[in-house]
**Q** 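Shown below is the structure under consideration.
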Amino acid sequence: MQQRQLPKQLMIEVEKCLIALLSSESDGTKIAASQAISAMCEHSGSKEFFNHQGIPQLIQLLKSDNEEVREAAALALANLTTCNPANANAAAEADAIDPLINTLSSKRDGAIANAATVLTNMATQEALRGSIQSRDVMGALLAPLRSANTVVQSKAALAVAATACDAEARAELRNSGGLEPLVELLRSKNDEVRRHASWAMTVCASDELMATELCRLGALDILEEINLSVSRKNKFSEAAYNKLLNNNLSLKYSQTGYLSSSNIIGDGFYDYGRINPGTKLLPLKDLCLQEPNDIRAILLVNSKSSDVSPPPSTEDKSSDIGYGRSISSSSSLRRASKEKTSAGVGSPTEEKSEPTSGRNTALSKGTTKEKGLRKGRGKKEEEKVKEEEELITVPKWAGEGSPEKEWYPPFDPDFCVYVYEVTKSILPINSIKEQIEALAKYVAEKMGGTIPKDKLQDFSWELHISELKFQLKSNVIPIGHIKKGIFYHRALLFKALADKIGIGCSLIRGEYGRAWNEVKLMNKSQKGVIGGLPPPEVYLVDLMFHPGGLIKLKSREADLYRFL
């Protein structure tokens, strides 16, 4: 019995001796004691012992002027806190966060790597993570991310993955310039660096803003290249790639031609069409600024108004579709009014170009006011008219007006009406199947109605789209403007509206302008295993030939809809 207890007793004596040596005046002794503690961390009993008596002393050594002492202390703390939340808490209680963050700027790579490891271990606990984030840890990790040492790079990337778990921390990382070196680590030839950088990328791509910025920096292209390599790809690189796409649905749909029921289309989504791997997808703003040409029309989904000026009067609401921003001064409106007045009746081109924007209505009102002023209105009345002119919102496409004003995607009032109507009339329906059927009929009605298969060639949707591009002076067409749509127009509108009212459906792009929606429904007539339900059946939603019809996916009729 005594022989079994002896090693444990000796271990306790050794642990006490090491704690005493940490207070030695000799730096060499402190280093040796710290290294011994690191080695003893293989035993769970030692980790528990140092929780109360060793961690505070090691944290004091992090403040030493001797870089080697700091490195040895950081190594001991890294081993003590790995897979041990109690020790991580003890380190936080002993005020370890500030010394650890200061150690990230050490001249020794080992000290930096070990400090990053301790912070990572602590950040696994939400309460501690908040304390770490409040100490500007993202700025402190910037230099380690740019280190030439692969161990430091790996540990720094892992620390980013552990601490960038909320939007505020990710914004801090972006503002401090940490995304660029993180993206560069994806190019590393070191497997662990690539793996940890991919993990950090997965965490950082948790919101659309960050995902868009990472794509701009080339992260998606690098990850795509990595995943094509059998030797370089890993589970984290695949997860990071999918996460970036899932937070940039416009790019995902253009690249893969598929959106699942969990990919919810939001305001600002646009369908550019299919793009080849490696091809850059231009931002929506750049596409809106382009002059109309012969490329395929870009479909935009946006129900968010960009109008930040006071609301127009009731009589103006019917003509205002909110494509731009308010005029900053009445002089610009007067200038436009004079041009319209001097020209007399507008040219046919001008009249056709903007019938839906309401610009002619707004300018004609301005012209009337100018004529009234020329007839000798009083000063007070002139000032009143001037104020009114400043409040008038002239609908504009992107790029018009003052360049310093924030750009907004074109507003789609028709789509807003669609959302309101389906929310009011279809959402209350209790049956999912009936909801889908009703929504399909609604979409078909808004896009030109039922089209018999033998009349499909006579459906002049191309001319309609060309006219819209000419009228709007842009390749970008809000989906609500389209009144004659075929497969891919209708499928996008169905998906966008279904997402608004909570109907789960996918969107799949086919060849030659085909696209369709798939939904899953339970077949109550089938019996599943005892105590369970049968798997749901997949149906294709008919939006063209028999709107509202649900076609079993594995059927000849579904193949005809998709491919012929």
Side-chain angles (χ1 to χ4, degrees), residues 11-125 127-141 143-144 151-152 155-156 158-159 162-163:
M11 187 74 73
I12 294 175
E13 293 301 323
V14 170
E15 291 164 351
K16 290 180 179 180
C17 181
L18 290 175
I19 291 173
L21 292 175
L22 290 177
S23 303
S24 171
E25 295 182 359
S26 169
D27 288 341
T29 303
K30 294 175 183 176
I31 294 170
S34 299
Q35 291 173 342
I37 291 174
S38 300
M40 294 181 70
C41 286
E42 293 183 5
H43 303 282
S44 58
S46 294
K47 277 191 174 183
E48 184 178 351
F49 181 87
F50 290 122
N51 175 282
H52 304 287
Q53 302 182 53
I55 288 178
Q57 289 88 334
L58 289 168
I59 291 170
Q60 290 302 314
L61 296 185
L62 290 177
K63 304 174 184 179
S64 172
D65 295 332
N66 189 312
E67 293 284 351
E68 291 185 39
V69 172
R70 296 171 69 187
E71 180 178 0
L75 175 60
L77 287 170
N79 289 340
L80 284 169
T81 56
T82 298
C83 300
N84 197 308
N87 283 352
N89 271 318
E93 291 173 0
D95 298 327
I97 296 176
D98 287 331
L100 286 168
I101 290 179
N102 292 335
T103 306
L104 292 176
S105 59
S106 172
K107 297 178 181 179
R108 296 182 68 88
D109 290 335
I112 299 172
N114 293 327
T117 299
V118 181
L119 290 170
T120 301
N121 295 337
M122 296 172 68
T124 57
Q125 300 180 58
L128 300 185
R129 183 168 62 247
S131 299
I132 294 171
Q133 291 169 346
S134 65
R135 306 299 213 287
D136 191 27
V137 67
M138 295 305 180
L141 286 170
V151 176
V152 173
K155 300 302 182 183
L158 198 57
T163 53

**Q** Is there side-chain contact between Lys155 and Thr120, with heavy atoms separated by less than 4.5 Å?
**A** no
**Q** Under a 4.5 Å cut-off applied to non-hydrogen side-chain atoms, are Met122 and Leu100 in contact?
**A**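 They are in side-chain contact.
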**Q** Is there a donor-acceptor pair closer than 3.5 Å between any side-chain N or O of Ser38 and the backbone N or O of Ser34?
**A** yes
**Q** For the residue pair Asn87 and Ile55, establish whether any side-chain heavy-atom pair is separated by less than 4.5 Å.
**A** yes
**Q** Just checking, is any N or O donor in the side chain of Ser23 or Gln57 under 3.5 Å from an acceptor N or O on the other one?
**A** no
**Q** Please evaluate residues Lys30 and Asp27 with respect to the criterion side-chain contact (heavy atoms from CB on, under 4.5 Å), reporting the C-alpha separation (whole Å), side-chain torsions for both, the decisive distance (0.1 Å), and the verdict.
**A** CA-CA 5 Å; Lys30 294 175 183 176; Asp27 288 341; 4.0 Å; yes
**Q** Is any side-chain heavy atom of Ile132 less than 4.5 Å from a side-chain heavy atom of Arg129?
**A**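 Side chain of Ile132 against side chain of Arg129, heavy atoms only: no contact under 4.5 Å found.
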**Q** Do Asn84 and Leu80 come within less than 4.5 Å of each other through their side chains, counting heavy atoms only?
**A**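 They are not in side-chain contact.
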**Q** Please round to the nearest 0.5 Å and tell me the distance separating atom NZ of Lys63 and atom OG1 of Thr103.
**A** 10.5 Å
**Q** Between Lys47 and Asn79 (side chain of the first, backbone of the second, donor and acceptor by atom type, cut-off under 3.5 Å), is there such a pair?
**A**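 Here the side-chain-to-backbone pair exists.
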**Q** Check the pair Leu119, Leu141 against side-chain contact (heavy atoms from CB on, under 4.5 Å), reporting the backbone distance first and the verdict last.
**A** CA-CA 11 Å; Leu119 290 170; Leu141 286 170; 5.6 Å; no
**Q** Inspect the surroundings of CD in Glu48 and state if more than 12 heavy atoms from other residues, nucleotides or ligands are less than 6.0 Å away.
**A** no
**Q** Would you say Gln35's side chain and Ala72's backbone share a donor-acceptor pair under 3.5 angstrom?
**A** no
**Q** Can you name the closest pair of heavy atoms from Ala156 and Ala116 and give their distance?
**A**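 What the structure gives for the nearest pair is N-CB, 4.4 Å.
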**Q** Do Glu71 and Arg108 sit within salt-bridge range, that is, some charged N less than 4.0 Å from a carboxylate O?
**A**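 Yes, this pair counts.
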**Q** Less than 4.5 Å apart, any side-chain heavy atom of Leu62 and any of Leu77?
**A**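 Yes - at least one pair of side-chain heavy atoms lies under 4.5 Å apart.
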**Q** Are the side chains of Leu22 and Ile37 in touch, meaning some heavy atoms are under 4.5 Å apart?
**A** yes
**Q** My understanding is that only residues two or more places apart in sequence, or in another chain, count here; which of them pass side chain to side chain donor-acceptor pair (under 3.5 Å) with Glu93?
**A** none
